[in-house]
Amino acid sequence: MCGIVGAVAQRDVAPILLEGLKRLEYRGYDSAGMLVVTPEHKFSRKRAMGKVAVLGDALSSDPLPGHTGIAHTRWATHGRPSEGNAHPHVCNETIAVVHNGIIENHDALRAQQKELGYRFTSETDTEVIAHQLHHHYSQSHDLLAAVQAAVGDLDGAYALGVVTNSDPERIIVARRGSPLVIGLGVGENFIASDVAALVPVTQQFIFLEDGDIAEIKRDAITIYDHEGHEVTRPVRQSELTADAVERGQYRHYMLKEIFEQPRAVADCLEGRISGDKLLEAAFGHEASEIFDQVQGVHIIACGTSYHAGMVGRYWLESIAGIPCSVEVASEFRYRKPVVRNNSLIVTLSQSGETADTLAGLQEAKRLGFGHSLAICNVPESSLVRESDLTLMTRAGPEIGVASTKAFTTQLVSLLMLVIALGRRNGLDPFVEAKMIQQLEHLPGKIDHVLQLDDRIREIAEGFADKHHTLFLGRGAQYPVAMEGALKLKEISYIHAEAYPAGELKHGPLALVDAEMPVIAVAPNNELLEKLKSNLQEVSARGGELIVFADEHAGVVESENMTVLPVAPTDDCIAPIIFTIPLQLLSYHVAVLKGTDVDQPRNLAKSVTVE
Ligand code: AGP
């Protein structure tokens with residue numbers, strides 16, 4: 001999940017590459033590097049530990065002139081973050097490469113290369129690619145042929161950008177399992193891990209397919225498929241604008257993205273509802289025919305998207321009456337599951353590039369799942385391209401590593417799926433109409449709950465010195481509690497666990513004391529009285545409770561229980577509403593703790609490695 005960017009132009013490319021790296025930093029940010037081919041046909045490279053800004057500072061005092069270049073921002077897999085392990089990696093001052101992915105047979109290749117006399121200067125798997133390329137290049141003296149030969153020696157996943165100083169106006173790229181796009185300019189062309197890196201210089205993109213290798217020159221692009229046949233791939237116009245990824249008045253992207261949720265939800269619904277009815281063509285023109293056959297749903301996803309899937313299961317079974325299982329993709333892909341007849345595989349992903357989810361989808365197809373649906377935020381992503389049906393969440397670019405608006409729009413999308421499948425299972429049109437009305441009111445209700453922000457900031461002050469927390473919910477609010485716990489741990493580094501509140505007495509209650517805040521979400525539903533009893537169990541043991549409760553739930557403040565009132569909400573949208581205060585809580589705790597909110601340690605936004 002590193003980010004790569006490259007350019008062949010008639011102007012100095014370093015500023016383009018640096019801007020691209022800044023826009024790709026969400027993919028990894030432990031080190032960064034850039035290499036250009038100088039007018040004298042030499043390599044000029046700069047690498048720096050830490051964020052892209054550090055590389056930027058180094059470049060401002062010592063610029064890299066040159067019209068062809070490649071650059072990289074790293075999320076360490078093989079070898080710790082260090083300048084020496086930062087890309088680009090170079091072999092014998094002849095071949096340079098940037099790589100996103102993992103080479104699984106790097107040990108075997110390293111051993112062979114040492115026999116051939118190659119010397120290693122890093123601990124990375126990428127350096128073996130540079131040497132392998134050099135090995136083939138020294139025989140063919142043709143960079144394209146060298147890449148075609150070298151990728152045949154690699155096991156694993158890669159997106160590569162390769163240059164040589166002896167043929168300076170050319171970049172060769174290859175992809176298998178990791179994303180890569182080509183950006184088309186006028187008299188200049190570009191490569192990158194995603195379109196966001198290149199929107200300041202172009203809106204036109206070609207998305208390479210798995211196994212493709214391409215030759216990028218200033219005025220020509222030639223693409224070969226995995227069998228070496230020349231192919232054409234469609235040129236697509238991106239709708240992403242350069243300012244869509246600006247932070248504006250907000251201190252952090254995460255806060256901006258939390259406050260964007262009313263608009264994101266409205267965008268997600270736009271054009272997909274007519275009167276009191278869902279337009280199921282929103283899922284694709286084949287949707288009605290495919291949905292007619294569906295007898296069960298299996299959802300796979302990772303992290304926050306998995307939590308959305310868990311909420312989806314509660315809804316699909318209780319509202320649509322359709323059997324549903326949900327599973328983390330990294331388990332599903334290796335588990336050898338039994339496939340039930342006419343099961344729909346549903347993948348949920350903000351990025352659409354999560355390696356485990358993509359591999360899970362491929363495994364599902366191999367296992368014989370009838371059809372696939374991707375609920376995704378990135379239209380150009382691999383997941384979308386590889387699925388039969390798609391529903392775009394339309395949350396807009398999400399830059400903060402901690403997912404917020406992507407989650408709530410996934411939930412909205414899942415509710416649309418619930419309606420579409422429920423119709424075939426006797427969902428009362430009156431219930432559908434009521435759900436649609438609730439969805440239409442949702443942006444306003446989110447706006448309302450966002451007004452708790454100041455109150456939540458005050459409450460966050462009680463957390464900054466805590467080391468552990470518990471999150472509780474029941475029913476569809478249990479995954480909401482899980483999502484709250486994930487948000488808190490990933491950006492504030494406070495250990496947080498979520499439990500279905502009824503499970504507390506089976507063990508975790510032993511942890512409860514005054515040092516362990518317990519956060520609960522309490523909508524006004526049929527499980528409310530059960531939840532209140534669970535809260536009493538905490539209270540009776542001296543636990544400090546913070547409860548986000550429906551105003552009509554009758555959850556009363558007491559000495560060790562703080563209650564934040566949430567406006568009355570219909571149960572079908574309550575998981576969306578109750579997510580918002582938990583996002584704000586983790587945000588304010590992280591700010592108070594002084595962590596890097598948008599780029600928390602050890603994480604990356606797009607997890608394109610296994
Ligand atoms: C969310 O806050 C996380 N950063 C992470 O769990 C994320 O949801 C997960 O990696 C899945 O990503 P995806 O939605 O892009 O597939």
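All figures in this text were calculated on a predicted structure; none of them were measured in a lab. Atoms within each ligand, like the ligands themselves, are counted from 1 in listed order. Sequential numbering from 1 along the given sequence is applied to the chain's residues.
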Which ligand 1 atoms are under 4.0 Å away from a heavy-atom of [X]?
X	result
T354	12 (O), 13 (P), 15 (O), 16 (O)
T304	1 (C), 2 (O), 6 (O), 8 (O)
S403	1 (C), 2 (O)
K487	1 (C), 2 (O)
E490	1 (C), 2 (O), 3 (C), 4 (N)
S305	8 (O), 13 (P), 14 (O)
S349	13 (P), 14 (O), 15 (O), 16 (O)

Protein heavy atom at shortest distance from [atom]:
atom	result
atom 15 (O) of ligand 1	S351 OG, 2.7 Å
atom 10 (O) of ligand 1	V607 CG2, 3.7 Å
atom 4 (N) of ligand 1	V401 O, 2.9 Å

I want to confirm something. Looking only at heavy atoms, which of C302, A301, A402 is nearest to atom 11 (C) of ligand 1?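 Heavy atom nearest to atom 11 (C) of ligand 1 belongs to C302.
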Greater than 12 external heavy atoms within 6.0 Å of E123's CD: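 Correct, the count exceeds 12.
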With a cut-off of 6.0 Å (strictly less than), are more than 12 heavy atoms of other residues, nucleotides or ligands near NE2 of H448?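 No, NE2 of H448 has 12 or fewer neighbouring heavy atoms, counting only those of other groups under 6.0 Å.
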Consider only side-chain N and O atoms of [X] and [Y], and report whether a donor and an acceptor are under 3.5 Å apart.
X	Y	result
S238	Q203	no
N85	T124	no
Q362	E386	yes

On the 0 to 90° scale, with breaks at 30° and 60°, tag the H252-Y587 ring pair as parallel, tilted or perpendicular.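 Perpendicular: the ring planes of H252 and Y587 meet at over 60°.
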So if I apply the side chain to side chain donor-acceptor pair (under 3.5 Å) rule between S403 and each of Q350, E483, E398, which one comes out positive?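 The passing option is E398.
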E353 to ligand 1, any heavy atom closer than 4.0 Å: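 No.
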Considering residues at least two apart in sequence or located in another chain, which fulfil the ring pair (Phe, Tyr, Trp, His ring centres under 6.0 Å) criterion with F291?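 By the ring pair (Phe, Tyr, Trp, His ring centres under 6.0 Å) rule, F291 matches F283.
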